[in-house]
Structure formats: C-alpha cells, structure tokens
Amino acid sequence: MATPALDLGVPVAEYGTGLQVTRVHRAPDGGLGGTGAFLWWHGPGPLRVGSLRVPVRSAALVPDLGPVATAALLATGTPYGDGLLHRAAGSASAAAWLRDPRPQAGRLVAHALAAAARALRALHGVPLPPGPQPPPPPGVRRLREWAAGTGPLAPAAARLRRRAREVWGVDRTERLLGWADDAVRPSGPGAPVVPLHGWASTGSLVPPRSRGRVALLTGEDLGAGRRELDLGWMLGDLVELAWSSPLHRAAESAGLLSVTDLQRVFLGAYEADGSDTHGSEGGGRERGDHGPAGPVYDPVAVGRCAVLRVVTHMRDFATYCEWSDELLDYLAFTAELIDEEGRRAVPRGVS
C-alpha cells in the first residue's frame, strides 16, 4: 500500500480496514480563510486493488454549497498519492462522536445530521445530463455480487454467504437482491434516478471541532440511483448503532438523544429543506407539502435501503476484516430487518 506522495506530518488519527485507510492530519496552514483545519486522507487498504479516484462525470454534478450556510459541504477530495485528500473543520467523524456519552456530543451529531440532509437534498436536486448515467455506487455493486454469488469472494465472505443462505433462505435473499436492483434502477413512478453521494454515513460525516462547517466526505463512491439509497444508507448506520451499542440502547433512560431522535432530525431536515443548488432559499417544498410530484421520498424504499446498508457493512467486514462469530449475530439481525423491510429506520410520524 502506497502512502501519500507529500509529507503531511504525523497524523492525529489513523485507522482502516483491508478496503480503506483513513489518516487525519492538521492542515499546514491551520485552516486559514475557513478552509478547514484538518486534512483527511482516504487511501486503499491492503486488500484493495488500485487507487481511489473520483468519477469525473459524477464529480461534475456535485454542487458548491459554500453559500448555503446550513448545509454540509460536499467534500469530493483531490487526488493525493494513491488516495484522496479532503479538508474538514473537524478531526473526528460523527461515528466517533456517537461513542461519546456526553449530551453535547449527541447534540453535535444531530446538528451534523441536519446539515448532511440539506446537502443531500441539494445534490439530489441536480438534474442528470443527457447520455449514459453514472454507474451505481460501488457499495451496492459489492453487495449484489456477494448476495448473488456472481463474483469471487474472500474465504470469510464465502463462508458468510453460505451461512446467509441457511439463515435467510432463498426468499429473503431474492427480496434483498430485488431491493438492490430497485435502488439503482427504479422502475416505478415517482422514483427518478438522481446523483448520489454513494456512502452517506456517520463515518463520512465530519462535524466541526469548534468553528467552521460540517463536511460530508465523498468522492470514489459517487454514483446515481434513487434518492432513498443515500437516505437509507445514513439511517442504516443509525439502525445498526441502536442494535449494537449499549450506550444507545439505554440513551433515553440516560437523558441522551436516542437513535429515533437522530433519525427524526435527519429526515425532518431533508423534508423541510427548501434550498436550491445555487444557494438561494425558497426553491423547494416545505415540510408536509408533498407537492405535485408526490412525497419527497418513499419511506418504504428508505427502509429497504437501510437494510442494504447494514448487509453491505456485514459483507465488507467479512471481506476486509476476516471472520468473526459476531457475524452470526448479524445474520440473525439482518433476517429481522429483511422481514420488517427496515421499517425501524423511518420513525412513525415522519413522512
């Protein structure tokens, strides 16, 4: 695995898997001019072939949200060594802040989720140009190849697939594959194909450390599909957190924001946002106004896409982190999610 071509100094944080390595450095200029005091470098992990690069056609569709103060900045990154370098005002992701038991950490994450929702709404509002549309995000392609058994699998991923066929059965697997197809090639009315972030998650969401804007890092995962894929991807992160984290299972009794609270914040901001891609206000629908084209999003599709996110995480863990018996718990959990079509991702009373 190659390292960045230039010396950025000792990282303040470093972590990774066989798929991707992340290093966070202090920006040499200290973030002068509000550009972000930290540099996030994403590079290929030891089990990944090739450099990380931004799809050119998709990158051209990402709006500049600098003038939209309430939206997260969509940081697509620039090539740096065999990876991508992003600027952000924070050194820790929302995923890291969600492990912090202090109430102010939960409020910071809620603020970041609302900003991310507004950024995604703006991205989803950019029309696709004529001609061939951008490909689906890589995560969905990895999921489909694993579930369908159409590509080579690492030993642990192959073992997971065999166990999944035993636990899920054919019907659940076919339903999952159908949802994956619908997420990138929707066939029903009112589900247009839009530009997608491709990996909207708490791990790619960076709140500011003190001052500055929220950043939503993206780049190599940009693609196209139905908007519910980005929404479900973020909400699937929260669904998994509610299941796996003792802190968040007991959040309400501890006086903390619950996962349901965070889901409401995210979806509420997405529904209510009225900004257009040029940063002016008032160009969209208000909360509760479904408009002539119908609802802002399909909550059933959002729930199904949340299931896709959890299953993709499970598949990637087996592929890039090797086998763990915890994956057997994930198989039982994802069977429940498939049966309920991910309904717990969309709280009652939202949309």
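All heavy atoms count here, side chains included; hydrogens, waters and symmetry mates do not.
Rounded to the nearest 0.5 Å, atoms CG (L229) and NE2 (H124) are 8.5 Å apart. Here the CZ-CH2 distance, from R161 to W146, works out to 8.0 Å after rounding to the nearest 0.5 Å. Considering CG of L176 and CG of D171, their distance stands at 11.0 Å, rounded to 0.5 Å. Atom CG of residue L327 and atom CZ of residue R315 lie 12.5 Å apart, to the nearest 0.5 angstrom. The CZ atom of R118 sits 16.0 Å away from the CG atom of L123 when rounded to the nearest 0.5 Å. A distance of 5.5 Å separates CG in L222 from OG in S58, rounded to the nearest 0.5 Å.
In terms of heavy-atom proximity, S91 sits nearest to R209 at OG-NH1, 3.9 Å. Here the shortest heavy-atom pairing between A94 and V109 reads O-CG2, 3.9 Å. The minimum heavy-atom distance linking G219 with L84 is given by the pair CA-CD1, 4.3 Å. Of all the heavy atoms in L61 and P127, the pair that sits closest is CD2-O, 4.1 Å. Between V140 and A180, the shortest heavy-atom contact is CG1-O, 4.1 Å. Contact between A117 and A269 at its shortest, heavy atoms only, is CB-CB, 3.8 Å.
Residues M234 and V300 fall into different hydrophobic clusters, defined by Ile, Leu, Val, Met, Phe, Trp and Tyr side chains chained together at heavy-atom separations under 4.5 Å. No continuous path of ILVMFWY side-chain contacts below 4.5 Å connects V68 to V265, so the two sit in separate hydrophobic clusters. L177 is not connected to W233 by any chain of hydrophobic side-chain contacts under 4.5 Å among Ile, Leu, Val, Met, Phe, Trp and Tyr, and they are in different clusters.
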| query | Should R264 and T260 be marked as a side-chain contact (heavy atoms from CB on, under 4.5 Å) after you check the CA-CA gap, both sets of side-chain angles, and the distance that decides it? | reply | CA-CA 6 Å; R264 290 183 183 278; T260 300; 3.8 Å; yes
| task | Kindly determine whether R172 and D339 satisfy salt bridge (charged side-chain N to carboxylate O under 4.0 Å, His left out), including the steps that lead there. | result | CA-CA 8 Å; R172 289 191 183 102; D339 289 345; 2.8 Å; yes
| field | Full working for side-chain contact (heavy atoms from CB on, under 4.5 Å) between L241 and T202 | value | CA-CA 10 Å; L241 182 75; T202 57; over 6 Å; no
| message | Using the rule given for side-chain contact (heavy atoms from CB on, under 4.5 Å), can you reason through V214 versus L73, listing the C-alpha separation, both sets of side-chain angles and the distance that settles it, and then say yes or no? | response | CA-CA 6 Å; V214 176; L73 297 172; over 6 Å; no
| task | Determine, step by step, whether T22 and W41 satisfy the side-chain contact (heavy atoms from CB on, under 4.5 Å) criterion, reporting the C-alpha distance in whole Å, the side-chain angles of both residues, the deciding distance to 0.1 Å, and the verdict. | result | CA-CA 6 Å; T22 298; W41 183 78; over 6 Å; no
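Side-chain atoms of T319 and D316 include no donor-acceptor pair closer than 3.5 Å. When only modelled atom types and interatomic distance are considered, W168 and T334 share a side-chain donor-acceptor pair under 3.5 Å.
D261 places a side-chain N or O within donor-acceptor distance of the main-chain N or O of S258, the cut-off being under 3.5 Å. Without hydrogens or angle criteria, H86 side chain to L217 main chain gives no donor-acceptor distance under 3.5 Å. In this structure, R26 contributes its side chain and V12 its backbone to no donor-acceptor pair below 3.5 Å. Using a distance-only test at 3.5 Å, with no hydrogens or angles considered, a donor-acceptor pair links the side chain of T173 to the main chain of G169. Side chain of R53 to backbone of G83: a donor-acceptor contact under 3.5 angstrom is found.
Considering only heavy atoms from C-beta on, L231 comes within 4.5 Å of Y270 through its side chain. Looking at heavy atoms from C-beta onward, W199 lies out of side-chain contact with D230 at the 4.5 angstrom threshold. The shortest distance between side-chain heavy atoms of H111 and P207 does not fall below 4.5 Å. Under the 4.5 Å side-chain criterion, counting only non-hydrogen atoms from C-beta, H197 is in contact with L120. The shortest side-chain heavy-atom distance between L128 and V193 falls under the 4.5 Å cut-off. For the pair D237 and L235, the minimum side-chain heavy-atom distance is 4.5 Å or more. Side-chain contact between H42 and V21: absent, with no pair of heavy atoms (C-beta onward) separated by less than 4.5 Å. L328 is listed as a side-chain neighbour of W323, based on a closest heavy-atom distance under 4.5 Å.
Applying the salt bridge (charged side-chain N to carboxylate O under 4.0 Å, His left out) test to pairs two or more places apart or on separate chains, those with a residue in residues 325-336 are E336-R344.
Judged by the 6.0 Å and 45° rule, R23 forms no cation-pi pair with W40.
A search for salt bridge (Lys or Arg N to Asp or Glu O under 4.0 Å) contacts involving R175 returns E341, not counting sequence neighbours. Checked against salt bridge (Lys or Arg N to Asp or Glu O under 4.0 Å), D221 has no partners two or more places apart in sequence or in another chain. In this structure, the side-chain hydrogen bond (donor to acceptor under 3.5 Å, both in side chains) partners of R144, at least two apart in sequence or on a different chain, are D181. In this structure S204 satisfies the side-chain hydrogen bond (donor to acceptor under 3.5 Å, both in side chains) test together with S201, sequence neighbours excluded.
We find that R343 and E340 are not joined by a salt bridge, their nearest charged nitrogen and carboxylate oxygen being 4.0 Å or further apart. Using a 4.0 Å cut-off between a side-chain N of Lys or Arg and a carboxylate O of Asp or Glu, R227 and D298 do not qualify as a salt bridge.
The 12-atom threshold is exceeded at CZ of R48, counting heavy atoms of other residues, nucleotides or ligands nearer than 6.0 Å. For CZ of R165, the number of neighbouring non-hydrogen atoms (other residues, nucleotides, ligands) closer than 6.0 Å is 12 at most.
Ring-plane geometry between Y330 and W243 is classed as perpendicular, the angle between the planes exceeding 60 degrees on a 0 to 90 degree scale with a lower cut at 30.
Within the hydrophobic cluster formed by Ile, Leu, Val, Met, Phe, Trp and Tyr side chains joined at under 4.5 Å, directly or through other members, Y320 is accompanied by L19, L47.
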